[in-house]
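These notes are about the structure you will find just below.
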Amino acid sequence: MRLSRYFLPTLRETPREAEIVSHRLMLRAGMVRQQSAGIFSWLPLGLRVLNKINAIIREEQNRAGAAEILMPTIQSAELWRESGRYEAYGKEMLRIRDRHERDMLFGPTNEEMVTDIFRTYVRSYKDLPLNLYHIQWKFRDEIRPRFGTMRSREFLMKDAYSFDIDKDSARHAYNRMFVAYLRTFARMGLQAIPMQADTGPIGGDLSHEFIILASTGESEVFCDKAYLGFETPAENTDFEDRAGLQATVDAWTARYAATSEKHDEAAFAAIPDADKLSARGIEVGHIFYFGTKYSDPMKAVVTGPDGKEHPVHMGSYGIGPSRLVPAIIEASHDEAGVIWPDAIAPFHVALLNLKPGDSATDAACEKLYAELGAAGYDVLYDDREERPGAKFANADLIGLPWQVIVGPKSLADGKVEMKRRATGERELVALDDCLARLKA
RNA sequence: CGGGGCGUAGCGCAGCCUGGUAGCGCAUCUGCUUUGGGAGCAGAGGGUCGCAGGUUCAAAUCCUGCCGCCCCGACCA
């Protein structure tokens, strides 16, 4: 993409409303525009990141055996009356009415709807297990939205719903998502720690919040430092291996980790001081098992091997992509701007032509732009008539992993400069070696 | 919803107290000079001063009501 033809409205100054660093940088890097309290437009650069995040989520959900669907944002109140949540949900739910005066709502979550889909089609235990997920916009009319897309009213959520014949199978479904989540966050360059979470009225131990540590996080968290060195489950993990998955989950839940709501001072005190970690964190995922809470009232039942009807055991599993964007920025930035992890960077390379109009730098940039693009790299080519300083500052701000700097000085020796955004390291490489260096 | 703050050019702000021609910086446009870390000079464009009433000869400024946004708290992916 040529920057001269792109839409990247970066800001030199920070808009007043932005308090935390990720919000400031998302506005300055031209990623989002707030349209109303807690409601945002996603501009090209921000949308690219969001889509990268979604792509990773999809790959890992699919790998773990979930099937993608897409349910609507607008739902009928009918289903919610069936589950009893239409009355229970309160003001957080945006209630609307259509022209026929029917009660509708903008979905804050989809348990009812997915349960309705399930009960329509699935009758036999032989069709289980089943896990359906979608990535869709949700709306929760938060009392106070804040921190940009970190806590917005309209937000994107990946929500998966599992259906199983009994609790044991449901635990396996839970473990599949648990492991998928560990892989998902690790691929985004995040160290996510599963922490004990509130299970609400359902109870039990099957609920975890996935937390990443960040000084500006909203939650106070306490855990064993050992988690920071844990190994991510492998790509070839066998998700049908019940015992194997259980062992992985057991290992990841053996040590202490809890948010302030579930914090147990005594248990925390038992950890050696050197291993205690008390910090702030951002919740990026939440999984839980809720049994027959919806299948009972909504009559989602299957016939079991015994010939009798059984309400299905369900769980739901959420990840907030539109929250992950700022979460990743909170975890990865410096004074100058964002530092995107390679896997979710909106482009791989910023190609800076320091002297557009100079036949040598123009030719070198065109060659690199074509060559890197052909090799599968997304290149943002800064071909604007701007001074070098402005290009450097802009490139650092938007935080692409690599900067390939083409200026007359180094080009006189047939070289270009390659700068790694994360470390600031620069090296001069021959024009023809640029691609090889990227691959290395 | 309680407490606090703010709405003046795309962004950041001054002006308001003490009513009298709407300003500054950045950005934008034109020209010239510059060209390896957000250039210099000269010129130009851009405003329902959040909205609606009121007071006054006269309101960005004073009064009343409303709307929007931000921050702190209780609540949430």
Side-chain angles (χ1 to χ4, degrees), chain A residues 9-20 23-24 27-28 30 33-39 53 57 89-93 107-110 135-160 181 192 197-198 200 207-212 217-219 259 261 281-288 316-327 335-337 352-358 361 382 384-398 403 405-412 415-417 419 424 426 428:
Chain A
T10 55
L11 305 174
R12 206 162 153 174
E13 288 173 280
T14 303
R16 186 177 30 184
E17 73 259 24
E19 196 74 5
I20 63 169
H23 191 193
R24 284 204 297 265
L27 292 171
R28 286 197 55 214
R33 159 151 177 92
Q34 179 164 325
Q35 303 290 167
S36 180
I39 299 177
I53 287 171
I57 291 173
Y89 218 91
K91 289 189 170 177
E92 257 197 18
M93 183 150 76
T109 178
N110 286 64
I135 300 177
Q136 178 63 290
W137 294 94
K138 307 288 191 292
F139 194 94
R140 293 184 190 169
D141 201 353
E142 296 273 344
I143 294 168
R144 183 153 95 84
R146 62 181 117 177
F147 304 145
T149 67
M150 182 83 79
R151 169 98 72 88
S152 49
R153 292 194 294 171
E154 188 181 56
F155 59 97
L156 193 59
M157 183 160 88
K158 184 287 297 183
D159 38 329
Y181 275 35
D198 219 335
S207 179
H208 287 90
E209 287 182 10
F210 286 75
I211 301 277
I212 62 168
E218 291 196 84
S219 325
T259 61
E261 301 97 60
I282 301 168
E283 182 186 351
V284 290
H286 194 169
I287 62 178
F288 52 95
S316 74
Y317 315 89
I319 295 181
S322 55
R323 167 179 281 188
L324 272 164
V325 176
E335 307 279 293
L352 309 187
N353 186 344
L354 295 193
K355 194 168 182 182
D358 177 281
T361 60
D382 192 343
R384 298 170 305 160
E385 297 284 346
E386 286 287 345
R387 299 171 56 86
K391 297 195 177 192
F392 291 137
N394 202 61
D396 286 346
L397 172 62
I398 65 175
Q403 292 172 20
I405 302 161
V406 182
K409 287 182 184 170
S410 44
L411 199 57
K415 300 203 163 161
V416 297
E417 190 173 326
K419 175 181 161 184
R426 302 147 174 275
L428 282 170

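Chain letters run A, B, ... following the sequence lines, proteins first, then strands; residues in each count from 1.
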Response to the item:
note: Asn394(A), atom CG; rA39(B), atom P; distance rounded to Å ~ 12 Å

Worksheet item: Do side-chain atoms of Arg140(A) reach the backbone of Pro108(A) as a donor and acceptor pair under 3.5 angstrom?
Response: yes

Worksheet entry | Which residues share a side chain to side chain donor-acceptor pair (under 3.5 Å) with Ser410(A), sequence neighbours left out | none

Practice prompt. Round to a whole Å and report the spacing from CE of Met150(A) to C1' of rC76(B).
Written response: 14 Å

Item to complete: Please work out if Lys91(A) contacts a base, only the sugar-phosphate, or nothing of the nucleic acid, heavy-atom cut-off 4.0 Å.
Response: nothing

Response to the item:
As its Watson-Crick or G-U partner within any shown strand, both distances under 3.5 Å, rG68(B) has rC6(B)

Discussion item. What contact category does Ser152(A) fall into here, base, sugar-phosphate, or nothing, at under 4.0 angstrom with non-hydrogen atoms?
Written reply: base

Fill in: Value in whole Å for how far the P atom of rA77(B) lies from CD1 of Ile212(A)
16 Å

Response to the item:
Leu354(A) CG to rA39(B) P, in whole Å, measures 13 Å

Worksheet entry | rG25(B) pairs with, by Watson-Crick or G-U criteria that keep both distances under 3.5 Å | rC11(B)

Fill in: Complementary nucleotide for rA77(B) - Watson-Crick or wobble, under 3.5 Å
none

Worksheet, complete the sentence: Checking rC71(B), rG37(B), rC1(B) against the side chain of Phe147(A) (C-beta onward), the nearest is rC71(B)

Fill in: Between rG36(B) (P) and Asp382(A) (CG): distance, integer Å
15 Å

Worksheet entry | C1' gap between rG50(B) and rC70(B), integer Å | 15 Å

Worksheet item: Which residues satisfy the ring-ring contact (aromatic ring centres under 6.0 Å, His included) test with Tyr181(A), sequence neighbours excluded?
Response: Phe185(A), Phe210(A)

Check nucleotides 5-14 of chain B against the protein and report each pair of N or O atoms closer than 3.5 Å, with its distance, or say if there are none.
residue : atom : partner  : partner atom : Å
rC6(B)  : O2'  : Arg16(A) : NH1          : 2.9
rC11(B) : O2   : Glu13(A) : OE1          : 3.2
rG12(B) : OP1  : Arg16(A) : N            : 2.7
rC13(B) : OP2  : Arg16(A) : NE           : 3.4

Worksheet item: Between His286(A) and Arg426(A), which has a closest nucleotide on RNA chain B that is more 5'?
Response: Arg426(A)

Worksheet item: 5'-most contact on RNA chain B: Glu142(A) or Gly389(A), nearest heavy atom basis?
Response: Gly389(A)

Item to complete: Once you apply the 3.5 Å cut-off to both distances, tell me the Watson-Crick or G-U wobble partner of rA39(B), or none.
Response: rU33(B)

Worksheet item: Distance only, no hydrogens: is a donor on one side chain within 3.5 Å (strictly under) of an acceptor on the other, for Gln136(A) and Asp159(A)?
Response: no

Discussion item. Students often get this wrong, so: under 4.0 angstrom with heavy atoms, is Gln34(A) touching a base, only sugar-phosphate, or nothing?
Written reply: sugar-phosphate

Discussion item. Measuring only the P atom in each nucleotide, how far is rC67(B) from rA77(B)? A whole number of Å is fine.
Written reply: 30 Å

Fill in: Centroid distance under 5.5 Å and plane angle under 30°, Phe155(A) vs rA77(B)
yes

Discussion item. Rounding to an integer number of angstrom, what distance separates rC62(B) and rC1(B) when you compare their C1' atoms?
Written reply: 31 Å

Worksheet entry | Contacts of Phe139(A) that satisfy ring-ring contact (aromatic ring centres under 6.0 Å, His included) - sequence neighbours left out | Phe106(A)

Worksheet item: Residues two or more places apart in sequence or in another chain: which of them pass side chain to side chain donor-acceptor pair (under 3.5 Å) with Arg426(A)?
Response: Glu417(A)

Worksheet item: Considering every strand shown, what is the Watson-Crick or G-U wobble mate of rU48(B) when both distances are under 3.5 Å?
Response: none

Practice prompt. Pick the P atom in rA59(B) and in rA44(B), then give their distance to the nearest Å.
Written response: 30 Å

Fill in: Whole-Å gap separating C1' (rC71(B)) and CZ (Arg24(A))
14 Å

Fill in: Whole-Å C1' distance, rU55(B) and rG43(B)
43 Å

Discussion item. What's the closest nucleotide to the side chain of Met157(A) if the choices are rG36(B), rA77(B), rC1(B)?
Written reply: rA77(B)

Worksheet item: Which value, in whole Å, describes the distance between the C1' atoms of nucleotides rG19(B) and rG3(B)?
Response: 33 Å

Discussion item. Any side-chain N or O of Ser410(A) below 4.0 angstrom from OP1/OP2 of rG36(B)?
Written reply: no

Worksheet entry | Any residue meeting salt bridge (Lys or Arg N to Asp or Glu O under 4.0 Å) with Glu154(A), in chain and number order, not counting sequence neighbours | none

Worksheet item: side chain to side chain contact (heavy atoms under 4.5 Å, CB included) between Leu324(A) and Ile319(A): does it pass, once the steps are laid out?
Response: CA-CA 8 Å; Leu324(A) 272 164; Ile319(A) 295 181; 3.5 Å; yes

Worksheet entry | Under-4.0 Å side-chain N/O to phosphate OP1/OP2 contact, Arg387(A) with rG37(B) | no

Worksheet item: Just to confirm, is there a sub-4.0 Å distance from OP1 or OP2 of rC72(B) to any side-chain nitrogen or oxygen of Arg144(A)?
Response: yes

Worksheet entry | Nearest non-hydrogen partners of Gly38(A) and Ser152(A), listed with the distance | O-CB, 3.3 Å

Worksheet item: What's the CD-C1' distance between Glu261(A) and rA74(B), to the nearest Å?
Response: 13 Å

Item to complete: Sticking with atom P, work out how far rU21(B) lies from rC66(B), rounded to a whole angstrom.
Response: 31 Å

Practice prompt. Output yes when at least one side-chain N/O atom of Arg151(A) is less than 4.0 Å from OP1 or OP2 of rC76(B), else no.
Written response: no

Worksheet item: Side chain of Lys391(A), backbone of Asn353(A): donor and acceptor closer than 3.5 Å?
Response: yes

Contact list (N/O, under 3.5 angstrom) for nucleotides 44-52 of chain B vs protein:
none

Discussion item. Under 4.0 Å, heavy atoms only, any strand: does Asp159(A) hit a base, just the sugar-phosphate, or nothing?
Written reply: nothing

Worksheet item: Does Gln35(A) have any side chain to side chain donor-acceptor pair (under 3.5 Å) partners at least two apart in sequence or in another chain, and if so, which?
Response: Ser41(A)

Discussion item. Could you work out, with salt bridge (Lys or Arg N to Asp or Glu O under 4.0 Å) as the rule, every residue matching Arg153(A), not counting sequence neighbours?
Written reply: Asp141(A)

Worksheet entry | Pairwise P distance, rA42(B) and rG15(B) [rounded to whole Å] | 27 Å

Worksheet item: Who is the Watson-Crick or G-U wobble partner of rA60(B), with both distances under 3.5 Å?
Response: none

Discussion item. Walk me through whether Ser316(A) and His286(A) qualify under side chain to side chain donor-acceptor pair (under 3.5 Å).
Written reply: CA-CA 8 Å; Ser316(A) 74; His286(A) 194 169; over 6 Å; no

Discussion item. Taking any heavy-atom pair under 4.0 Å as a contact, classify Gly407(A): base, sugar-phosphate, or nothing.
Written reply: base

Practice prompt. Could you tell me the separation between the CD atom of Glu385(A) and the P atom of rU28(B), rounded to a whole number of Å?
Written response: 13 Å

